[in-house]
Amino acid sequence: MKNLVIVESPAKAKTIENFLGKDYSVKSCFGHVRDLSPKFLSINVDEGFSPNYEISPDKTKVVKDLTKAAKESETVWLATDEDREGEAISWHLVEALKLDESKTKRITFHEITKTAVTEAITNPRAIDKKLVDAQQARRVLDRLVGYELSPLLWKKIKPALSAGRVQSVAVRLIVEREETIKKFQSSSYYRIIASFEIDENSNATIINTELSKRFDTKEEAIAFLEKCKNSEFKVINTEKNPLKKSPAPPFTTSTLQQEASRKLGFSVSKTMMVAQQLYESGNITYMRTDSLNLSNLAISMAKKEIITQFGEKYVKTRKFTSKIKGAQEAHEAIRPTYLNKPQVKADASQKRLYELIWKRTIASQMSQAELEKTTITIDVSNAKENFVARGEVIKFDGFLKVYLESTDDVKENGIEKGILPPLKINDILFRKNIIAEQKFTNHTPRYSEAALVKKMEELGIGRPSTYAPTISTIQKREYVVKQDKIGEERNYDYISLISNDIEEVQKTEITGQIKSKLFPTDIGKLVNDFLLQYFDDVIDYNFTAKVEKEFDEIAAGKKVWNEMIHEFYGPFHAKIDDTLKNSSKFIGERLLGKDPKTDKNIFVKIGRFGPMVQMGDTDSEEKPRFAGLKNGQSLDTLTLDDALDLFKFPYAIGTFEDEELTVAIGRFGPYVKHNKLFFSLSKTDDPLTITEKRAIEIIEEKRKKEKEKTIKEFKENKNLKVLNGKWGPYISLNKTNYKIPKDKDAASLSLDECLKIVDDAPKKKGKKKYKSTK
DNA sequence: CAGTGAGCGAGCTTCCGCTTGACTT
């Protein structure tokens with residue numbers, strides 16, 4: 001083969017191969033092929049921070065294959081992405097494949113079209129070493145921060161924690177949002193809404209309005225209603241204003257995650273998984289991008305499709321440019337590969353996500369929507385306040401025909417905007433009813449996963465390829481949890497004026513009900529407090545923006561990368577050493593009081609396995625008693641009474657089948673123990689008040705489920721079972737599971753066959769590996 | 001899954017960004 005072209009993604013390789021013809025072989029390197037070893041710091045701090053790179057274990061085969069292919073080629077074209085990471089990937093390829101510089105060429109393109117690719121081939125260049133240095137600075141900085149801060153946390157707080165430039169700021173956002181919510185004081189006000197009839201004798205046409213003023217107290221609201229009793233209501237102003245709305249730009253990774261979350265209820269990782277499938281099946285362009293750009297080819301395809309479907313006047317092509325800090329724009333925006341395909345044949349999730357992408361892309365090239373806003377002001381003769389009616393009429397739908405972006409804002413159930421009846425100044429209206437409704441101010445909402453991504457992108461923290469992994473990391477570390485919250489009932493005043501009667505009633509509403517929002521945990525809060533106290537500069541919201549600026553200077557040749565690192569590392573490392581030596585354990589310990597029975601001190605603090613209470617002093621001769629906190633309890637709100645309750649476990653609640661039933665709280669929450677077996681309580685069971693009857697119910701439920709799961713049992717060997725699991729049938733023997741070969745029918749296996757499968761199964765690899773990924 | 005928590009000390013944990021399978025048992 002004459003030419004070897006190397007790109008990052010295999011799907012991209014396949015597409016490009018078709019553009020270039022038979023003289024070119026296109027292969028993929030699957031992203032970075034070398035990195036710092038995860039086992040060590042791998043940076044020679046005293047030798048100019050020189051990094052020790054090694055071929056990543058999962059890339060040895062790729063490197064071997066590419067080295068061979070390169071040897072057999074006349075020219076190697078490095079076509080990795082056109083950004084800092086892409087440049088570094090190319091440089092690492094030169095090093096790892098030991099490429100001969102004279103036959104190596106670097107090319108870039110940021111859209112996968114035939115023109116872009118063939119043009120790139122005619123404009124090769126050398127590797128930009130300054131840009132590579134900027135990437136090395138980024139890599140080394142992240143490693144130093146992550147691998148020096150994390151061990152400090154292990155020593156001062158608890159093992160296996162982590163900190164980093166990106167994740168720690170993400171946690172901070174969630175912790176601080178929770179603090180503002182905690183501080184928030186809801187206040188109430190009275191909103192007045194009124195409906196009027198245009199004609200005294202018929203109720204055919206009704207106009208809904210809201211008073212321009214909101215009252216702070218019930219008395220003021222009632223006083224106003226009193227005034228309305230004998231008032232005349234007269235139109236004193238009508239106003240019509242044209243309004244134009246423009247479509248949102250096409251999707252980037254971050255906006256796709258947000259809209260898929262709002263419109264389809266997808267988690268950030270689900271969106272990425274489904275998008276990956278669409279990408280691999282050739283239905284959409286690359287899904288990890290921060291670019292808003294559409295290729296000319298895509299725009300003309302969109303134009304054609306819009307004309308076919310909606311007509312010429314719905315077309316308005318546009319080029320969007322990114323306003324996001326640090327956007328690197330190595331790809332196109334996320335769009336359908338073929339815009340004349342509004343749907344794809346695939347599973348339900350893929351179909352829905354694809355349609356969303358199709359609509360958003362098409363809408364971005366459509367005409368503005370034209371609306372007319374109408375405002376009618378109504379005078380109240382006995383009061384100085386006015387009622388206002390707002391209407392909105394779509395004159396031309398434009399892009400709204402296809403797509404409207406959603407928002408995260410909580411909607412106040414206001415007066416719906418629609419067409420208003422034709423009214424003139426001095427028209428008299430007839431009061432039908434006027435209602436004063438008590439309303440409450442709401443705190444800022446907690447972050448959803450996607451809303452957090454949006455915030456991170458605004459701060460320039462993280463990249464399209466890391467948003468989803470970062471969000472799963474901070475959940476895996478148990479710094480934050482994704483939770484629902486059940487709403488609470490709340491009473492509110494509802495005062496109506498109908499005819500001449502003012503009637504006051506109390507109504508109830510459900511408030512504060514939320515789904516899948518991020519809450520900080522005790523550990524998350526504690527780690528954040530620690531970092532804030534000792535390393536506030538690193539978790540400053542502007543830290544990334546500040547270092548990004550320096551990376552840019554390195555790329556521009558105005559700064560030397562390891563000098564920049566040196567300037568950061570000096571004070572940073574000194575602070576690490578100082579904190580290590582001079583600060584005490586940081587475990588949020590709080591004295592709650594004394595146990596009334598033993599007079600021993602009771603504390604709450606973070607232990608090796610999370611939040612716990614402790615009875616007795618650590619330095620006393622007698623070993624203290626410990627107990628874990630229940631789900632939903634928190635380090636900073638736990639009371640002495642809560643703690644005393646926790647020390648009641650384990651306790652007996654009755655007997656079942658001649659065996660004692662005991663309740664306790666363990667590693668995985670509250671459970672009932674019966675005959676050496678454990679049965680988890682459900683979230684709605686309170687371990688302090690659970691009855692014998694309920695415990696037995698739980699045991700029988702679990703037994704029933706076990707039974708349903710069982711496909712086959714053997715009298716001869718009680719330990720061996722054929723079970724039905726998440727990934728289909730499998731064999732379970734002494735708590736170890738074995739895969740059933742695809743050509744075997746699970747239900748008809750004999751005991752001997754099962755034992756043969758167990759014997760033939762490959763021996764388990766080191767257990768450590770499994771634990772670390774858990 | 002499993003009922004731990006001091007202290008002793010071994011040996012472990014950890015970052016961000018670029019990419020997919022292999023695999024879950």
Side-chain angles (χ1 to χ4, degrees), chain A residues 7-12 28-33 35-36 38-39 41 56 58-59 62 80-81 83-86 88-89 92 135 138-154 158-168 276 280 286 288 330 461-466 469-470 473 477 544 587 605-614 616-628 649-650 662-671 673 677-678 680 723 725-733 735-740 757 761 764 768 770-774:
Chain A
V7 296
E8 290 179 38
S9 138
K12 196 167 167 179
S28 153
C29 68
F30 298 85
H32 275 294
V33 295
D35 191 14
L36 306 171
K39 291 190 203 108
L41 184 66
S56 310
D58 55 333
K59 298 294 165 56
V62 173
T80 55
D81 293 351
D83 59 16
R84 195 166 67 205
E85 295 296 329
I89 290 172
H92 279 302
Q135 192 273 347
R138 199 280 303 154
R139 182 68 191 92
V140 167
L141 178 90
D142 283 338
R143 171 54 68 93
L144 290 170
V145 169
Y147 271 43
E148 294 211 349
L149 274 183
S150 301
L152 187 63
L153 298 180
W154 306 341
K158 76 178 201 126
L161 297 175
S162 67
R165 176 177 57 82
V166 172
Q167 58 168 280
S168 296
Q276 175 93 32
E280 281 170 14
Y286 199 56
R288 291 185 275 261
I461 296 165
R463 303 276 314 130
S465 65
T466 61
T470 301
T473 297
R477 298 271 175 277
T544 292
I587 47 176
K605 65 182 191 186
I606 293 277
R608 253 206 303 157
F609 307 108
M612 62 169 187
V613 286
Q614 175 183 325
D617 291 282
T618 312
D619 51 8
S620 81
E621 278 186 24
E622 203 181 336
K623 191 185 162 180
R625 276 187 71 196
F626 302 97
F649 298 108
T662 51
V663 177
I665 298 175
R667 168 107 169 72
F668 301 98
Y671 63 88
K673 192 175 169 186
L677 291 172
F678 299 87
S680 291
L723 302 173
K726 199 170 160 189
W727 295 286
Y730 65 97
I731 295 168
S732 168
L733 175 63
K735 287 192 177 174
T736 315
N737 300 329
Y738 303 87
K739 207 172 176 170
I740 296 172
I757 290 170
K764 260 201 157 179
K768 285 176 204 161
Y770 175 68
K771 260 201 158 167
S772 70
T773 53
K774 205 177 147 185

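Per chain, numbering begins at 1; letters A, B, ... match sequence-line order.
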- For Gln167(A) and dC16(B), is the shortest distance between a side-chain N/O and OP1 or OP2 below 4.0 Å? yes
- OP1 or OP2 of dT19(B) less than 4.0 angstrom from a side-chain nitrogen or oxygen of Tyr286(A), does that happen here? yes
- Nearest-neighbour nucleotide for the Phe609(A) side chain, dC16(B), dC18(B), dG5(B) considered: dG5(B)
- Item | Gap between atoms CZ and P, on Phe30(A) and dT20(B) respectively (whole Å) | 8 Å
- Message: Any base atoms under 4.0 Å from Leu161(A), or only sugar-phosphate, or nothing? Heavy atoms, all strands.
- Response: sugar-phosphate
- Task: Take the protein atom NZ of Lys59(A) and the nucleotide atom C1' of dT20(B), then report the distance between them rounded to whole Å.
- Result: 8 Å
- Message: Need one value for Ala163(A): base, sugar-phosphate or nothing, where a base atom within 4.0 Å counts as base even if backbone is also close, heavy atoms only.
- Response: sugar-phosphate
- Query: With sugar-phosphate meaning primed atoms plus P, OP1 and OP2, does Gly86(A) contact a base, only sugar-phosphate, or nothing at under 4.0 Å between heavy atoms?
  - Reply: nothing
- Between dG17(B), dC15(B), dA6(B), spot the one nearest the side chain of Lys623(A), thanks. dA6(B)
- Does OP1 or OP2 of dA6(B) have a side-chain N or O of Arg625(A) closer than 4.0 Å? no
- Item | Nearest-Å distance for atom pair NE2/C1', residues His32(A) and dC18(B) | 5 Å
- Tell me whether the OP1 or OP2 atom of dT13(B) has a side-chain N or O from Arg608(A) closer than 4.0 Å. no
- Task: Give a yes/no answer on whether the side chain of Gln276(A) brings an N or O atom under 4.0 Å of OP1 or OP2 in dT20(B).
- Result: yes
- So, is Ser9(A) close to the dT19(B) phosphate, meaning a side-chain N or O under 4.0 Å from OP1 or OP2? no
- Charged N to carboxylate O below 4.0 Å: is that the case for Asp35(A) and Lys59(A)? no
- Task: Give Gly31(A) one of three labels, base, sugar-phosphate or nothing, depending on what nucleic acid heavy atoms sit under 4.0 Å from its own.
- Result: base
- Is a salt bridge present between Arg143(A) and Glu148(A), judged by a nitrogen-to-oxygen distance below 4.0 Å? no
- Note on the structure: Arg143(A) CZ to dT14(B) P, in whole Å, measures 12 Å
- Message: The test is side chain to side chain donor-acceptor pair (under 3.5 Å); show your working for Gln167(A) and Ser162(A) and say whether it passes.
- Response: CA-CA 9 Å; Gln167(A) 58 168 280; Ser162(A) 67; 2.8 Å; yes
- Item | Spacing between Ile461(A) atom CD1 and dC15(B) atom P, to the nearest angstrom | 16 Å
- Distance-only donor-acceptor test (3.5 Å): side chain Arg288(A), base dC18(B): no
- Quick one: label Thr473(A) by what it contacts on the DNA or RNA (base, sugar-phosphate, nothing), any heavy atom closer than 4.0 Å. sugar-phosphate
- Message: Under 4.0 Å, heavy atoms only, any strand: does Val145(A) hit a base, just the sugar-phosphate, or nothing?
- Response: nothing
- Message: It should be established whether Ser150(A) places a side-chain nitrogen or oxygen under 4.0 Å from OP1 or OP2 of nucleotide dT13(B).
- Response: no
- Query: Is the shortest heavy-atom distance from the side chain of Lys12(A) to the side chain of Asp81(A) under 4.5 Å?
  - Reply: yes
- To the nearest Å, how far apart are Arg84(A) CZ and dG17(B) C1'? 10 Å
- Task: Round to a whole Å and report the spacing from CG of Asp35(A) to C1' of dC16(B).
- Result: 9 Å
- Message: Over all strands shown, is Pro10(A) touching base, sugar-phosphate only, or nothing at heavy-atom distances under 4.0 angstrom?
- Response: sugar-phosphate
- Message: Are the side chains of Arg84(A) and Arg463(A) in contact, using a 4.5 Å heavy-atom criterion?
- Response: no
- Look at all strands and tell whether Lys39(A) reaches a base, only sugar-phosphate, or nothing, counting heavy atoms closer than 4.0 Å. base
- On a plain distance test, is the side chain of Arg139(A) in donor-acceptor contact with the base of dC15(B) below 3.5 Å? yes
- Does Tyr147(A) lie flat on the base of dC15(B), that is, centres under 5.5 Å apart and planes under 30° off? no
- Message: At 4.0 Å (heavy atoms only), tell me whether Asp81(A) reaches a base, stays on the sugar-phosphate, or touches nothing.
- Response: sugar-phosphate
- Proximal nucleotide (of dT19(B), dA2(B), dC15(B)) relative to the Ser680(A) side chain: dA2(B)
- Query: Please give, in whole Å, the distance from dC16(B) C1' to Glu85(A) CD?
  - Reply: 8 Å
- Query: OP1 or OP2 of dA6(B) sitting under 4.0 Å from any side-chain N/O of Gln614(A)?
  - Reply: no
